[in-house]
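Read the structure below first, then the notes.
Each ligand, and each atom within it, is numbered from 1 in the order the structure gives.
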Amino acid sequence: MTPLPNTALYAQRRARLASQLGEGGIAIVPTAKESARNRDSDFLYRHDSYFYYLTGFTEPGACLVLAADGTSTLFCQPKDLEREIWDGYRLGPEAAIAALGVDAAHSSATLESQLPRLLENRSRVWFPFATHEGLAARVEGWLGKVRARVRFGALCPAEQGDLCTLLDEMRLVKDAYEQDVMRRAAAISAQAHIRAMQCSARMLRAGEDVREYHLDAELLHEFRRQGSQAVAYNSIVAAGANACVLHYRADAAPVRAGELVLIDAGCELDGYASDITRTFPADGRFTGPQRALYDLVLASQEAAVAATRAGARFNDPHDATVAVLSQGLLDLGLLDGNKVGTVQDVIEKRAYFQFYMHRTGHWLGMDVHDCGSYVEPTEIGQTSQRRDPLSGEAITNRPSRILHPGMVLTIEPGLYVRPAPGVPEAFHHIGIRIEDDAIVTDGGCELITRGVPVRADEIEALMRG
Ligand code: GLY
Ligand code: MN
Ligand code: MN
């Protein structure tokens, strides 16, 4: 196990954030609410990522208040023997001070009465905008109570700031502890993918009726067996033509020999996501057309990996992918050069979009689609206008983000072939995506998900075993 960080790590993050709040600033960071599923059943509780980043605390019903001088106040569920008998252990405010290294801690039952006092005589209140339903209205209510006291000499904050703008930048570059957890999460997910691949081949060899949910069960088994708390997102297990549905879920469709299976699944470990996609032949042997498309997607991923390094732009891997896929689509006859022109035309007119309609990656961290601007902050004003060749929509371009060591992103090209006039039948209904997670380094990137093979012959060998 990666050792849990001591409270100093979170204290350092709070201090870094406090130093950016400006004189007289104060920040409010609630954790996530519990959410009912149906009648008496709740969804599995998941803390808020911003709150966890600053506290390492996973209980519901908590809120952190951080002042610009670095003073931290935690509101958390009070000790309550009866509730603890039903729902489990609560840390409680008394123990929270030492356990979490905060300066003060109070029962969350006192939040409404104490918050206005904490906001009094501050110039600016920071909170995450548009992430916690109802929070803006609650802040307004607290400010209203401060305003009611101005007659007695209290000053009311005149400014509000979006705390996400500060925290998103901090979270974008992962520290050594975070990278360590992410490597472990990635390793578990890789083993889960291997397990699902081998299960598919084994069951088909035995003549059994294989369903998507059988493979989903293998993934979950491996995630939980190795201590992951949950899936990082709903697993996609898509057999055959289902792979062409981008947001398909693991369902009950039969997994048939001769068809491909696309699995996009990753575990969450200690608050951090992993995100892997592998596409493999259900029985362990690629057909010719499957292999041709697979090798093309893999070549495009290799180009994207080569373009991922500190100093490059976030868009560079996508552009590298598109160049390789566009040429390959012409070479394999999925696009007709007589109709669409040269590879440059395919790229400029976005003709590849028929088969590749998503981006090549996203930030990865505590959230699977992690926070952080995709625009380079130092160049935000350098805009240019263009018209999308497919939709005609006017688009404002801004320079994409420059990559730095410690940023983590996915690299996930794909091809999804739906029947259409002129598309060779041999490729119909094939959907392929290959997704790995990369930590940006000075000279390139570290692929942390390669515990599961990616080359077609390696996958075939694995599935024979
Ligand atoms: N699994 C979500 C994604 O790949 O973006
Ligand atoms: Mn992804
Ligand atoms: Mn994914």
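- Looking only at atom types and distance, the side chain of Gln385 has a donor-acceptor partner in the side chain of Thr396 under 3.5 Å away.
- Ring pair His47/Tyr52 is parallel by interplanar angle, where below 30° counts as parallel and above 60° as perpendicular.
- Put simply, CZ on Arg16 and CG on Leu54 are 10.5 Å apart, with the number rounded to the nearest 0.5 Å.
- At the Mn ion (ligand 3), the angle from OE1 in Glu435 to OD2 in Asp264 is 100° when rounded to 10°.
- Residue contact annotation: His369 places no N/O/S atom under 2.8 Å from the Mn ion (ligand 2).
- In summary, of the residues considered (His247, His358, His429), a ring-ring contact (aromatic ring centres under 6.0 Å, His included) with Tyr416 occurs for His358 alone.
- Sorting the N, O or S atoms of Asp275 by how far they are from the Mn ion (ligand 2) puts OD2 first.
- Which parts of ligand 1 touch Glu435 is read off a 4.0 Å heavy-atom cut-off, strictly below it: atoms 4 (O).
- Its N, O or S atom nearest to the Mn ion (ligand 2) is what matters here, and for Glu412 that atom is OE2.
- Counting only N and O atoms by type, the side chains of Asp48 and Tyr53 include no donor and acceptor under 3.5 Å apart.
- By the 4.0 Å N-to-carboxylate-O rule, Asp180 lies too far from Arg184 to be salt-bridged with it.
- In terms of protein heavy-atom proximity, atom 3 (C) of ligand 1 is nearest to Asp275 OD2, 3.4 Å.
- Using a non-hydrogen distance threshold of 4.0 Å, His369 registers as a contact of ligand 1.
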